Amino acid sequence: MGEPALRFAGMFRELGPVGLDLVQESIFDNVSAEELPDVDEVVRYLRGGYVLIDMMDLADDPFDSTRQIMNGSTIRTDGDWLWRDDLAYHVHRHRVALPDEFLALIRERRYTVPHRDEELLRERSLVAEALVF
């Protein structure tokens, strides 16, 4: 109670449909011209999010059909944002952009996912469930 609404990143339509009537943009419309100057730190943050739903899957890379991504639809959170596990891969390999507000928050936190209590994570996992199932 009193927590801000959960926001979403990396739920692109090429990666599969999601629930909650979330509008899905194209991953191809979200590619930056340049790599982030702090890409390694941003990717470390994304990979360090709490796992809410652990999915075992294998998907084709939408940019390179010769490559596949394992467990990409696993859902992670920092308590404020929710994203797919393969977002880190796409940011690193293909310069896929994060929402400006999310990137600013990651930098403000100095690339460290904050501690979250079990109750908040349980609440966030219910949202994640509605998103992917």
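This one's a predicted model, so the numbers in the text were calculated from it and none came from an experiment.
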Contact between [X] and [Y] at the side-chain level, heavy atoms closer than 4.5 Å - yes or no?
| X | Y | answer |
| --- | --- | --- |
| Ile75 | Val51 | no |
| Tyr45 | Phe102 | yes |
| Arg76 | Tyr50 | no |
| Arg93 | Asp64 | yes |
| Leu98 | Trp81 | no |

Taking atom [atom1] of [X] and atom [atom2] of [Y], what is their separation to the nearest 0.5 Å?
| X | Y | atom1 | atom2 | result |
| --- | --- | --- | --- | --- |
| Leu6 | Leu52 | CG | CG | 8.5 Å |
| Asp40 | Tyr111 | CG | OH | 10.5 Å |
| Leu22 | Met11 | CG | CE | 7.5 Å |
| Arg84 | Asn71 | CZ | CG | 11.0 Å |
| Asp80 | Ile106 | CG | CD1 | 11.0 Å |
| Asp57 | Ser73 | CG | OG | 3.0 Å |

Is the shortest distance from a Lys or Arg side-chain nitrogen in Glu101 or Arg7 to a carboxylate oxygen in the other one below 4.0 Å?
-> yes
Side-chain ion pair, Asp78 and Arg109, N-O less than 4.0 Å | yes
Hey, what's the ring geometry for His94 with Tyr89, parallel, tilted or perpendicular (30° and 60° as the breaks)?
-> perpendicular
Would you check if the side chain of Asn30 reaches a backbone N or O of Ala97 as a donor-acceptor pair within less than 3.5 Å?
-> no
Atom of Ile53, atom of Phe133 and distance for their closest heavy-atom approach = CD1-CE1, 3.9 Å
Correct closest heavy-atom pair for Glu14 and Ser26 would be OE2-OG, 2.6 Å
Neighbour count >12 (heavy atoms, 6.0 Å) for atom CD, Glu25 | no
Is the distance between the ring centroids of Phe12 and His90 under 6.0 Å?
-> no
Should Ile69 and Leu58 be marked as a side-chain contact (heavy atoms from CB on, under 4.5 Å) after you check the CA-CA gap, both sets of side-chain angles, and the distance that decides it?
-> CA-CA 6 Å; Ile69 306 161; Leu58 191 62; over 6 Å; no
Test side chain to side chain contact (heavy atoms under 4.5 Å, CB included) applied to Val43 and Val91, Asp38, Leu36, the passing residue = Val91
